[in-house]
**Student:** 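Submitted below is the structure of interest, expressed as structure tokens.
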Amino acid sequence: MYMKKFLLFLVCAGCLPFSLSAGEFLGDVTYTGSSEFHKITAATTWQFGLNWQVGLEAKYANEDLFKDPVYAVKLPIGFTSDLFSAYLKPFYYFENKSDKQPYQAFGISSQLIMTLEDDVVNELYSHAYIGAAFARQQSARGFENATQEHGYYSQAAYTIGLHKNFFRAFSFEAAGSAFQYPDGINGVVWFRGILDQQDLISLQTFEIVHDLPKYAASTRLTWLWPDRYATLYIGYRFGEFYTSDPEHSVILGNTFALTRSVLCELAYNHLRAVHNHNKRDIFYAQLKFKF
């Protein structure tokens, strides 16, 4: 059962690789930074009953794109059973007036993880997952005919993926995501908003993504040392956008235990647009703790 929970952490952002008893709390503090932004998040999760989790997450981001810092909160809710796990994460971005126009965002993301294989004897596990999300944000948009508009803009995102482990040694994950724009996308050539697209669907990057994606395809290979609470992983993603060039993302990361109650994750993310344009390097550090 512990191995299964450990693997679910690798699939679903927000799940933690500690085996919890009812009433215990988990927390984490994360720093992500590059030459263009610095982001700090702090979160706590409470396990109650045998299957339920509820949490609170706060985010602070200082970006070159905005004069004022960006603040956001999330309220994740989760249910876990032997057959499936389900997660909901409402989020809200506080109003930001960096260029005298208000920017704001709110929405909800969801994910359902289904058990396809659960071989406890041979320690083989497979999970399929689907996700859906919706957001509405107050933003500015520019069009091909040089007109501009500012107001609320809606979008949705969907993802499907498969995650499988191999004999406690390593695991493999593949996923695909697509984005939809109910208010229309035709003619939009630039976009300015505070929403991080990764609050809708993971884009296999540590970057704050403001451009409007079309789709993304990703894969990740993880080496596992579950008895030591440790992993080593490499991931790749290719994605296309309506408001920027297509790009590649490569992630290298490592998780390891500092103590029985403290887990550390360190990672590096390199991004570049097609034809080697717009190269960026991002560094990520996280501490997870149980109390």
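Hydrogens, waters and symmetry mates play no part in the numbers below; they use all other heavy atoms, side chains included. From a predicted model like this one, the values you see are computed outputs, not experimental measurements.
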**Student:** Between K89 and F91, is NZ or CZ placed under 6.0 angstrom from the six-membered ring centre and within 45° of the ring axis?
**Tutor:**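 Ring-cation test returns no.
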**Student:** Quick check: do N165 and F170 have side-chain heavy atoms less than 4.5 Å from each other?
**Tutor:**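 The answer is no, as the side chains (C-beta and beyond) never meet within the 4.5 Å cut-off.
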**Student:** Can you confirm if the NZ or CZ of R136 lies within 45° of the ring axis of Y153 and under 6.0 Å from the centre of its six-membered ring?
**Tutor:**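 Checked: cation-pi criterion not met.
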**Student:** Sequence neighbours excluded, which residues qualify as salt bridge (charged side-chain N to carboxylate O under 4.0 Å, His left out) partners of R272?
**Tutor:**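 Residues passing salt bridge (charged side-chain N to carboxylate O under 4.0 Å, His left out) with R272: none at all.
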**Student:** Is it the case that R280 and S34 place a side-chain donor and acceptor less than 3.5 Å from each other?
**Tutor:**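 Side chains of R280 and S34: no pair found under 3.5 Å.
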**Student:** Hey, quick one: are L266 and L258 part of the same hydrophobic cluster, counting side-chain heavy atoms closer than 4.5 Å, chains of contacts allowed?
**Tutor:**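 Hydrophobic grouping puts L266 with L258.
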**Student:** Show the nearest heavy-atom pair for residues N269 and V250, with the distance to one decimal.
**Tutor:**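 N269 and V250 have their closest heavy atoms at ND2-O, 3.0 Å.
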**Student:** Around atom CG of N186, are there more than 12 heavy atoms of other residues, nucleotides or ligands at under 6.0 Å?
**Tutor:**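 No, because the 6.0 Å sphere around CG of N186 holds 12 heavy atoms or fewer from other groups.
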**Student:** Taking the six-membered ring of Y233 as reference, does the NZ or CZ atom of R220 fall below 6.0 Å from its centre and within a 45° cone about the axis?
**Tutor:**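 Yes, a cation-pi geometry.
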**Student:** Answer yes if the side chains of Y129 and H163 hold a donor-acceptor pair under 3.5 Å, and no otherwise.
**Tutor:**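 No - no donor-acceptor pair under 3.5 Å links their side chains.
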**Student:** Do K74 and K59 have side-chain heavy atoms sitting under 4.5 Å apart?
**Tutor:**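 Result no, sub-4.5 Å side-chain heavy-atom pair not found.
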**Student:** Scan the side chains in residues 210-217 for donor-acceptor partners under 3.5 Å anywhere in the protein, sequence neighbours excluded, and list what turns up.
**Tutor:**
| unit_1 | atom_1 | unit_2 | atom_2 | d |
| --- | --- | --- | --- | --- |
| H210 | ND1 | G193 | O | 3.0 |
| H210 | ND1 | L195 | O | 3.1 |
| H210 | NE2 | E63 | OE1 | 2.7 |
| H210 | NE2 | E63 | OE2 | 3.4 |
| D211 | OD1 | T243 | OG1 | 3.1 |
| D211 | OD2 | S244 | OG | 3.4 |
| Y215 | OH | E240 | OE2 | 2.7 |

**Student:** Nearest 0.5 Å please: distance from the CD atom of E57 over to the CG atom of D28.
**Tutor:**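 So the gap between those two atoms works out to 7.0 Å.
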**Student:** Are any of the side-chain heavy atoms of I282 and F37 separated by less than 4.5 Å?
**Tutor:**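 In short, these two side chains touch, coming nearer than 4.5 Å.
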**Student:** Determine whether Y93 and D196 satisfy the following criterion, side-chain hydrogen bond (donor to acceptor under 3.5 Å, both in side chains), listing intermediate values before the conclusion.
**Tutor:** CA-CA 10 Å; Y93 282 72; D196 184 352; 5.2 Å; no
**Student:** Kindly determine whether Q155 and Q197 satisfy side-chain hydrogen bond (donor to acceptor under 3.5 Å, both in side chains), including the steps that lead there.
**Tutor:** CA-CA 10 Å; Q155 64 179 107; Q197 298 291 335; 2.6 Å; yes
**Student:** Answer yes when K164 and E173 have at least one side-chain N-carboxylate O distance shorter than 4.0 Å, and no when they do not.
**Tutor:**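 Salt bridge flag = no for E173 with K164.
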**Student:** Any chain of hydrophobic side-chain contacts (each under 4.5 Å) joining L200 to F191?
**Tutor:**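 They do share one cluster, since a chain of ILVMFWY contacts under 4.5 Å joins L200 to F191.
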**Student:** Do Q286 and Y31 pass the side-chain hydrogen bond (donor to acceptor under 3.5 Å, both in side chains) test, and can you show the C-alpha distance, the side-chain angles, and the key distance before you say yes or no?
**Tutor:** CA-CA 6 Å; Q286 183 180 62; Y31 168 79; over 6 Å; no
**Student:** Determine whether a donor-acceptor pair (N or O, by modelled atom type, separation under 3.5 Å) exists between the side chain of Q204 and the backbone of T219.
**Tutor:**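 The answer is yes, because a donor-acceptor pair under 3.5 Å joins these two groups.
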**Student:** Before giving the answer on ring pair (Phe, Tyr, Trp, His ring centres under 6.0 Å), spell out for Y71 and F94 the whole-Å C-alpha distance, their side-chain angles and the decisive distance to 0.1 Å.
**Tutor:** CA-CA 6 Å; Y71 298 94; F94 295 95; 7.4 Å; no
**Student:** In the structure I gave you, are the side-chain heavy atoms of H127 and L162 within less than 4.5 Å of one another anywhere?
**Tutor:**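 Counting from C-beta outward, H127 and L162 never come under 4.5 Å.
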**Student:** Test: ring pair (Phe, Tyr, Trp, His ring centres under 6.0 Å). Region: residues 253-275. Which pairs qualify, not counting sequence neighbours?
**Tutor:**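 As it turns out, the ring pair (Phe, Tyr, Trp, His ring centres under 6.0 Å) pairs with a partner in residues 253-275, which skip direct neighbours, are Y268-F283.
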